[in-house]
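Following: one structure in structure tokens, then a few remarks.
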Amino acid sequence: MRFLENGIMPRSAQTPNPGPQTPKMQRTHHCNELRKDHLGQTVTLAGWVNNYRDLGGVRFIDLRDREGITQIVFHPESKDAHALAQKLRREDVIAITGKCIDREGGANPKLETGEIEVDATFAEVLADAANPPFIPDEAEKVGEETRLRYRYIDMRRARSLNILKTRHRVAKLMRDYYDEQGFYEIETPFLCRSTPEGARDFLVPSRLQAGEFYALPQSPQIFKQICMVGGVEKYFQIVRCFRDEDPRADRQAEFTQLDMEMSFVDQNDVITTNEGMIRQLWKEVAGVEIPNPIPHMTYAHAMEKYGSDRPDLRFGMQLLDVTDAVSKTDFKVFSGAIAAGGVVKAIRVPGGAKMSRKETDALAEFAKEFGAGGLPTTKIEGGKLATGIAKFMEPITDELIAATDAEDGDLLCFGVDAKPATVHRVLGELRVKLGHDLGLIKEGDWQWVWIVDFPMVEWDDKTKRWKSLHHPFTAPKPEDIDKLDSTDHGTIASIKSNAYDLVLNGSELGGGSIRIHRSDVQGKVFKLLGIDDEEAKAKFGFLLDALSYGAPPHGGIAFGLDRIVMHLCNTTNIRDVIAFPKTQNGADLMTEAPSPVDEAQKKELHLRTVVPQKAPAGS
RNA sequence: GGGGGCGUAGCUCAAUUGGUUAGAGCACCGGCCUGUCACGCCGGAGGUUGCGAGUUCGAAUCUCGUCGCCCUCGCCA
């Protein structure tokens, strides 16, 4: 079957023998197509009734399809069509045929087709609609719960369809880009082996192997590495990943990655290749030029100055080390933390002296959520310190003002803890909050940065183990490989890896690394992570085997497709960019998944469920 | 698992803070209307106030429990 460029079947291709389910009329144009050039043409349009205005004699409907809206007019002279129009209600699906005419009543500047209308001579109801719970035009005002339950109606509005279109274009541009660079798109399994590291797995019971389970992939990491061992050299995939953790505004348990991997490359090759993709994406979709190259920042610098490994560089307000200065005071909170190996840092809040006690208290409460004991503050007024811990800091006033570049009217917030990481976390979060609250962020600003030189591992106090910062397959920097044999805490903590994250406006868009391609090194890393030989063999034996049979040096990256689309569509809600998203309880309000299953189904899967008793309740 | 917010007609909201028969706009139904574009006018129907207990002469309102949705901490190699 041939289609015209606009996706509409030409009349010549229409089926010669339409059955009762087949519309009698095939559309010739979409609803955002007719202009004054078309005056006098007989056209057929189809779509949804967006609105109707029945003036008794003459009747109007706004006909909507995914491309736009065209006004249709029904005159009494076209008796059948006019009669049919009386019964039309919002969201009915109809087709009409008529002549494209100039508007008698004047143009409607709000519509792209506003200069014309179609005088309907024939009309057909393709499907009448039950009274909808809401109409697409109103969806912006409707609660999200209702919109999710009736996702297909929410989808009909221009904004939703535009997001879906943008998402499609993003995926298409990605595919084209990697294709041109010689990458193969390769599918990897969804039914996988559960791996010990990382997030909680979604499990799928095996029917054929009683009592055993598959896990849905958290990412195709191991498979793509094995593709490299298999000689693919350049792999990519747009792939669904699953992590059974609580969702957030920018996180779903089920999400999509652009995943890629390449052989015989170093970190720079991977960064350059992928930067090119991102650059093209932003140019094509957002019309924005990204700096070339995107600047790099070390993990250490990001933590020191921004308290985060995904710094938002759209505003300043850096973390300032005032440990030396404040160590000269008698303030026990500071001296105690410094004596215990901690640091004291400050952020200068421009104009923050205006804040009330209530407001600074709220900041302290905020800081406590991230592990702070409190949030010491002081204000600069008339060249002197005032309120808060001013009396303790008074002896070092000049030094403190010099160290922070503080001016009259500023507020200083201090982060203090025996653990520098806590100070960074608290002030990093506070910085971002204040940046938003104080309106320091320019709209339309895109601040890109690659974060590099990550530590390979960090010590987890809770489990008393080393944990991968990235994942267990990340290669240490070549000069640090010898340190893998060390037992010294400091030496191990100083191992850097060839890992990199791409950060946009304080949000991590993607991350990757050069991988370990030698089975002996991989074995050592597993050992360091507390995965002993036996477990490593049981859980990752196939990978170690694969690496032992000649693996090329390789590395790659994965981008969060959902987040990329969020940025391009200017939304902070990940559900906006997913066609059929889930709620915070992992429910799909439209299909009502998850649901109970039959006993017979469970039996087949060798399952018995134990559900905690709940008190009797309502709905 | 913790903290916070929300839940009243199909939708968006109100209800003088515990007091008559829970209201309005939109949508829906009926009628009128020949140039509207948020069409207009007249009329009508529509409620388990999420659910369940409790307090009270009386509960949308107060208490407890529970369910759902949103934000968030934990979690997310």
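Here is the naming used below: chain letters follow the sequence lines, and residue numbers restart at 1 for every chain.
The residue A/E138 sits close only to the backbone: its heavy atoms come under 4.0 Å of sugar-phosphate atoms, none of a base. A/P247 comes within 4.0 angstrom of nothing in the nucleic acid, heavy atoms only. Residue A/R425 is in sugar-phosphate contact alone, with no base atom involved, counting any heavy-atom pair closer than 4.0 Å across all strands shown. When heavy atoms are screened at a 4.0 angstrom cut-off, A/L589 is found touching the sugar-phosphate backbone but no base atom. Counting any heavy atom pair closer than 4.0 Å across all strands shown, A/P133 reaches sugar-phosphate atoms only and no base atom. Contacts of A/T195 with the nucleic acid, taken as non-hydrogen atoms under 4.0 Å apart, are absent. Among the heavy atoms of the strands, none lies under 4.0 Å from A/I135. Within the nucleic acid shown, A/R149 has no heavy atom closer than 4.0 Å to any nucleic acid atom. Among the atoms of the strands shown, only primed sugar atoms or phosphate atoms (P, OP1, OP2) are found under 4.0 Å from some heavy atom of A/F370. Residue-level contact check: A/G143 touches the backbone only, with heavy atoms under 4.0 Å from sugar-phosphate atoms and none from bases. Contacts of A/F242 with the nucleic acid, taken as non-hydrogen atoms under 4.0 Å apart, are absent. Here A/N51 lies in heavy-atom contact (under 4.0 Å) with sugar-phosphate atoms only. Using a 4.0 Å heavy-atom cutoff across all strands shown, A/D137 reaches no nucleic acid atom at all.
The CZ atom of A/R149 sits 10.0 Å away from the CG atom of A/D588 when rounded to the nearest 0.5 Å.
A salt bridge links A/D453 with A/K477: the closest approach of a Lys/Arg side-chain nitrogen to an acidic carboxylate oxygen falls below 4.0 angstrom.
Residues of residues 248-258 of chain A having a heavy atom closer than 4.0 Å to RNA chain B, listed by number: A/R248, A/A249, A/R251.
Under 3.5 Å, the side chains of A/N505 and A/H567 contain no donor-acceptor pair of N or O atoms. Using modelled atom types and a 3.5 Å distance limit, the side chains of A/T188 and A/K224 yield no donor-acceptor pair. A/E144 and A/N573 share a donor-acceptor pair across their side chains, judged by distance under 3.5 Å alone. A donor and an acceptor atom, one from each side chain of A/T195 and A/R193, are nowhere located under 3.5 Å apart.
Across every strand in view, B/rG25 sits in a pair with B/rC11 that passes the Watson-Crick or G-U test at under 3.5 angstrom.
Rounded to a whole angstrom, the distance from the P atom of B/rC70 to that of B/rG52 is 24 Å. Comparing B/rC28 with B/rG46, their C1' atoms are spaced 9 Å from each other, to the whole Å. Atom name P, nucleotides B/rU21 and B/rC26: the rounded distance is 28 Å, in whole Å. B/rG54 and B/rC11 are spaced 29 Å apart, taking the P atom of each and rounding to whole Å. Comparing the P positions of B/rG65 and B/rG25 gives an interatomic distance of 39 Å, to the nearest angstrom. Comparing B/rG1 with B/rG47, their P atoms sit 37 Å apart, to the nearest whole Å. Between the C1' atoms of B/rC37 and B/rU12, the separation comes to 23 Å (whole Å). A gap of 30 Å separates the C1' atoms of B/rA53 and B/rG10, to the nearest Å.
One cannot find a donor-acceptor pair under 3.5 Å joining the base of B/rC29 and the side-chain atoms of A/R89. Between the base of B/rU36 and the side chain of A/Q71 there is a donor-acceptor pair shorter than 3.5 Å. Counting atom types as modelled, A/E117 pairs a side-chain N or O with a base atom of B/rG35 as donor and acceptor under 3.5 Å. Judged by atom type and distance alone, A/D246 reaches the base of B/rG74 through a side-chain donor-acceptor pair under 3.5 Å.
Spacing between atom CD of A/E140 and atom C1' of B/rC26 amounts to 17 Å, rounded to whole angstrom units. The NZ atom of A/K582 sits 18 Å away from the C1' atom of B/rC70 (whole-angstrom rounding). In this structure, CG of A/N108 is placed 10 Å from C1' of B/rU36, rounded to the nearest angstrom.
Distances were taken from every side-chain heavy atom of A/K462 (C-beta onward) to each of B/rC33, B/rU12, B/rC75; the shortest belongs to B/rC75. Which of B/rU36, B/rU12, B/rC70 sits closest to the side chain of A/T146 comes down to B/rU12. Here B/rC70 is the nucleotide among B/rC75, B/rA38, B/rC70 with the atom lying nearest to any side-chain atom of A/R575.
Of all heavy-atom pairs spanning A/A253 and A/E245, the tightest one is CB-O, 4.3 Å.
Glycosidic conformation at B/rU17 (O4'-C1'-N9-C4 for purines, O4'-C1'-N1-C2 for pyrimidines): syn, within 90° of 0.
OP1 and OP2 of B/rC11 both lie 4.0 Å or more from every side-chain N or O belonging to A/R90.
Here the rule is side chain to side chain contact (heavy atoms under 4.5 Å, CB included) with A/R157, and of A/I153, A/D154, A/L161 only A/D154 fits it.
Partners of A/T463 according to the side chain to side chain contact (heavy atoms under 4.5 Å, CB included) rule, which considers only residues two or more places apart in sequence or in another chain, are A/D460, A/R465.
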